[in-house]
Q: 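Dumping the structure here so I can ask a few things about it.
For the numbers below, each heavy atom of this structure counts, side chains included, while hydrogens, waters and symmetry mates do not. Proteins come first, then strands; the chains are lettered A, B, ... in the order of their sequence lines, and each starts at number 1. Predicted model, so just to flag it, every value in this text is computed and none were measured.
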Amino acid sequence: MLAQQIINGLTLGGVYAIIALGYTMVYGILELINFAHGEIYMLGAYAGIIFFGLFTAIGLTSYSLPLSIVLTLILSIIFCSSYGFTIEKIAYKPLRKAPRLSPLISAIGVSIFLQNYVMLTQGATDRVFPYLFGAAGFDFIGARVTYLQSFIIAISALLMLSLHFFVARTMIGKAMRAVAQDRVMASLVGINIDTVISTTFVIGSGLAAVAGMMVAMYYGLVNYSIGYIAGIKAFTAAVLGGIGSIPGAMFGGIVLGLVEAMGAAYISSEYKDAYAFVILIIILLIKPAGLFGKSTEDRYK
Amino acid sequence: MYLLEVRDLTKHFGGIKAVEEVSFKVREGSIMSIIGPNGAGKTTLFNCLTGLTKPTKGKIYFLDKDLASLPPHSIVKLGIARTFQNIRLFREMTVLENVMVAQHSKAKSGLFGSILRPQGFIDEEKTIKEKSIEYIELVGLEDFTNTIAGNLPYGSQRRLEIARALATEPRMVLLDEPTAGMNPQETSEMMDIMKRLQEFGKTIILIEHDMKVVMGISDRIIVLDHGIKIAEGLPDEVRRDQMVIEAYLGKETH
Amino acid sequence: MAGNELRVTSSKNSIFKARPILVALWFSILFLPFKGAKAALILFVVLSTSIVLSRSLLSYAKSLREKGQAVSNRIRTIKLSTRSLFVARYSLLLILIALPFFVRDYLLDIAILTGIYIILALGLNVVVGFTGLLNLGFVAFYAIGAYTYALLNTALGIGFWPSLPLSVGLTALSGFVLAVPALRLRGDYLAIVTLGFGEIVRLVLNNWDSLTKGPNGISGIEPPYLMGISFWRLSNYYYLILIFALLTIVIIKRVYSSRIGRAWIAIREDEIASSAIGINTPMYKLYAFAFGAFWAGLAGALFAGKMQFVSPESFTFMESVLILCMVILGGLGSIPGVILGAIILVILPEVLREFQLYRMLALGSGLVLLMIFRPRGLFGGKSVSLRS
Amino acid sequence: MKKYLLLFLSIVLTLSCAKKEETIKIGIAGPMTGDQAKMGTDFKNSVTLAVEEWNAKGGVLGKKIAVMIADDQRDPKQAVSVANKLVNKGAVGIIGHFNSSCSIPASDVYNRAGIPMITPASTNPQLTEKGYRGVFRVCGRDDQQGKVAAGFVIHQLKLKKVVVIHDKTTYGQGLADEFKKFLGGMVEVVYYGGIVQGDKDFKTVLTAIKDKKPELIFFGGIYPEAGLLVKQARELGLSVPFMSGDGTIDPKFIEIAGAQAAEGTYLTFSPDPQHIPTAKEFIDKYKARYGELGPYSIYAYDATNILLTAVKEAGTKDGKAIIERLHSMEFSGALGKIKFDNRGDVTVAPYVVWITKNGKFEEYWKL
């Protein structure tokens, strides 16, 4: 039973980690909690359903399933990234010099807007993602693992590594880290702040699209309100790992997924959502910098 | 009688040694200036004295009470007030409100007092208002009483900050570069204000770069360089001190 | 850095400077997968025409803003003689008292709801408007107040009046408890912790079946009963709410213009300077949370008494956001503004009943637009720096 | 303060009185929007169909019948406020609400106003146990449903170890508790617990259940959660049969769970209307006009006809008289003979067990 719960926890944790990457990057650059990030993940799930439905309609899925899944994934990544880009330009850019809480409140506004926008256009009842993989899977140390679960865990690890590599090695990655440290200095050495910020949102939203697609395939059922709770849990994961640190987000996601699975199994499954909040409050009290984050003396900044 | 005694005060931020074992005493009613190049640890010293930052090591005695562990607001109650290098006014409040709020620790009215408004509460509010107007007149801002603090010209904002510090009825006032960015005329007005404070029996510790002000007004001077006290004494002694010239004054000839 | 002044940069109009057709195309493509080609086409046409006219629209909007500015400045500077102010205030009171005699139950129902939300908004205004601490979990106190009375009444049969001090006291205490962890945290972290607290309270209400009967909620709560008047009838309840709302306004106004109020405003403006002039900032933040929670507890008990039924579904995060909107729309820190904000956000959706579906959509976009174009809200006289 | 002037203006703005006109008004209350909008629409269609038939024959008491639609969005708070609104607008009788969690609090309002309320779908026993004279239901009760389900497990499947879970709602938990009660000591309940409605991930609780090695899982709740539970159980290699109540009998259940996972699921529901001779006429009319028949369309249709017949026979708009008439009359509608007992429940409410077979629901077993 414990092995099975660990597998459950890892799958959940994988999804939280991918979303948490988005939070950590945006917070690192703008010190903004992108409250609407959870909704981008929800849009990713809907995009998955819509585009996959499109491909099934034109017969591509029956022609070759993997191709239509990959195409759906690419399309929803592009779709969510463009939403992320637009949201940054409309709701956050004008507030770049406003007091810190104004963009947060604006983000809450965007989050509510997106939830209702999807509810009105796609209807309030749950949308179903066709059940593709069946219950096929394999046994592993006494636990039953479906192929989809292993696929999710692998993808989240892969994404974290590639993002870590991207931020560490590539030019844009360096620029992002520079902007994260000191926006003014970064602009003085010729980094175009706006493009760096936009890239961060585009990447973060693309990651959220992948997470959304995963969840659509894994649960097969999606509605307009899944973004809210998942968003807060992913933020908790990012804070647990140390906001701003990419490995931290990954680690935080996995730990949160495991805690939730263990808590639901051994304490009570009804309070499943509460564990994330309890952890969040505890970390912020004891070690606001989180496990991997650099401790910023931010009380008197 | 010594109002303040600082012994081996030390403050490290990670590797940086902002203040390194500084000791000095301040006599009641005197004006002590602290000078030194930028980054010498002057403001950090102020922050330790006022409880904004906890010193790593060392003792601070004010009226024989150790301040090292007290929070800022208790230190103010003991009688130390301060101003800030970059002016920290309540920008949305009027000049009068800025000074009235400073008498917070002196007033006693609680929640029920302010709701039921007994006579005691009304009298207290009146005295607070009257006292505030006195302090505003002391620093010459009586024409601006109802203007929003944020709209005041730079010089007047400096003066308002001093008035606000005075409103906490301190025995000692710490002024952090009060004449920074002021023209000579405003600087001499500021020096008059400081002299008048001294006449009222207030002790002043001053961080200042303008040598004319330092030499003109200080009873004693301390020189800090890279967190270490390299000299202390009367203005003339310090001006001739070799160490000080090298570290700070350069080859100036008077 | 000194309390950062609110400067809205010019980058805002850069969106409109980009070729309008491109912008309209961009939005319609985003819209395409959701509603299909036909709807996207319509959106494209609508958007491109509106943006093309944007030059005139923008200048019109600017002149509107100037007029709006002038109007709200004039309102603030109308030198009403105290006598005519006295007349205006008491004639308003007379109308409010006479309201139940010539208005039908349905509108009384809304007036009562408005009263409850005014008390809530004024309570939140103490925390967000006066002290500058963004509390996203304010609904938790509203819920605690409502459930305390509901449980005391249904389980122990205690009436509304004897249980009022307990439910209000318990809420103020929970305000204090929530504030303790919040003391050491900066603005945005504090907001998320309070949000977490709000969700935890809702989850406990939803899952602690033995006490709160879970999602089914508690029904059969007694309305308040005083000296023979049963407050079940709407008009009686209306007066009860009117009295409590006026009481709230008077008390909060008096606390605002007292030493405590000044200390809160000082903390909002600059916490470091406040502690440097002798304000025990942690303690006063606790007072702000507890005092704000007190009023939410009162509103909760009144809500439970009115509906005679409480369930977790009425205490969600959206409720916190709605109350926050009232405070921001009205004007952070301005008491009449917050009252007006509450009135608008309760009555407007009722008046526009057919647009019920689009209510939250408007609320969401409203928040964004408010933050960009009018962070001070309608009446916020002072440009408030929602302390970082 | 000068700002109070603005307050004064906004309050005056809201004073408006609705105008009166002469019709018999009946109210429908249910989830018209939100995630159960489909159920609400079934109501609306059936009631409109019945009212049109009556208006074609001259309405009732010589006046046209007007229908007032109230949307409670499955939220108890809204249910109470829309109930007040319907009472204020002078409704003579109410068809609704849908969810038990809305019908129970709303019944307080209708009882105080003294007007009759007939719910076609709220099956929680509590609704009619509050002793309100004017509360009726044409559907069965969870305890009747629970009894049939328990009888099926004991006598037909002859199992010894079962698991009972519910979605913590008035309906779901009520049904699960009744099922458990009627199992008595005959069958051991190895696990009893709740899941949160709206949640998507039940792997953790299903893993705990798998550990208990039950022979059957009973779930009190509605189709979205039921579908997920079945699917995720099969993914965990838990292949024991799954059983649920009338809240799950919806084609979407099979779509969510996938036909393969949903195969062999048992569901308790009232007999298949297609098999009832008197229902044939209604089903053809409904299908012709609205297409697919919802699980409760037939109940809403009968409820409306019963109410209007009672108004006709009582000969007055007065709620009290209509309620007495409802208690005493015997009505034969699409569902056959309907008679209310003194608590407002239908005397005869046969529930049968259905089964899902290759993607469709079929009647399977009778007590």
Q: Using the benzene-type ring in the case of Trp, are the ring centres of C/Tyr284 and B/His73 under 6.0 Å apart?
A: no
Q: So which residue, B/Arg82, B/Glu125, B/Lys106, B/Lys77, ends up with the most heavy-atom pairs under 4.5 Å with chain C?
A: B/Glu125
Q: Please flag which part of B/Thr50 lies under 4.5 Å from any non-hydrogen atom of chain C: side chain, backbone, both or neither.
A: neither
Q: Quick check: does any side chain N or O of B/Arg88 sit under 3.5 Å from a backbone N or O of C/Ala276, one acting as donor and the other as acceptor?
A: no
Q: CD1 of C/Ile272 to CG of B/Asn47: how many Å apart, nearest 0.5 Å?
A: 9.0 Å
Q: Where do C/Ala266 and B/Met93 come nearest, in terms of heavy atoms and distance?
A: N-CE, 3.6 Å
Q: What heavy-atom pair brings B/Leu111 and C/Phe291 nearest, and what distance separates the two atoms?
A: CD1-CE1, 3.9 Å
Q: Can you see which heavy atom on B/Ser114 is nearest to which on C/Arg254, and at what distance?
A: O-CB, 3.5 Å
Q: Quick check on B/Tyr154: does its OH atom have over 12 non-hydrogen neighbours (other residues, nucleotides or ligands) under 6.0 Å away?
A: yes
Q: With a 4.5 angstrom heavy-atom cut-off, which part of B/Phe84 approaches chain C: side chain, backbone, both or neither?
A: side chain
Q: Counting only non-hydrogen atoms closer than 4.5 Å, does C/Tyr287 touch chain B with its backbone (N, CA, C, O), its side chain (CB onward), both, or neither?
A: neither
Q: Taking everything shown except B/Asp143 itself, do over 12 heavy atoms lie less than 6.0 Å from its CG?
A: yes
Q: Ignoring hydrogens and angles, tell me if any N or O in the side chain of C/Arg259 forms a donor-acceptor pair with the backbone of B/His104 under 3.5 Å.
A: yes
Q: Quick one: CZ on B/Arg117 to OG on C/Ser257, what's the gap to the nearest 0.5 Å?
A: 4.5 Å
Q: Sort C/Ile260 into side chain, backbone, both or neither according to what part of it lies under 4.5 angstrom from a heavy atom of chain B.
A: side chain
Q: Supply the atom-to-atom distance C/Ile251 CD1 to B/Ile115 CD1, rounded to the nearest 0.5 angstrom.
A: 5.0 Å
Q: Name the region of B/Ile75, side chain, backbone, both or neither, that has any atom closer than 4.5 Å to a heavy atom of chain C.
A: neither
Q: Could you tell me which non-hydrogen atom of B/Ser105 sits nearest to which non-hydrogen atom of C/Gly278, and how far apart they are?
A: CB-O, 4.0 Å
Q: Are more than 12 heavy atoms, taken from residues, nucleotides or ligands other than B/Lys57, located less than 6.0 Å from that residue's NZ atom?
A: yes
Q: Do B/Val101 and C/Glu269 have side chains that get closer than 4.5 Å, going by heavy atoms?
A: no
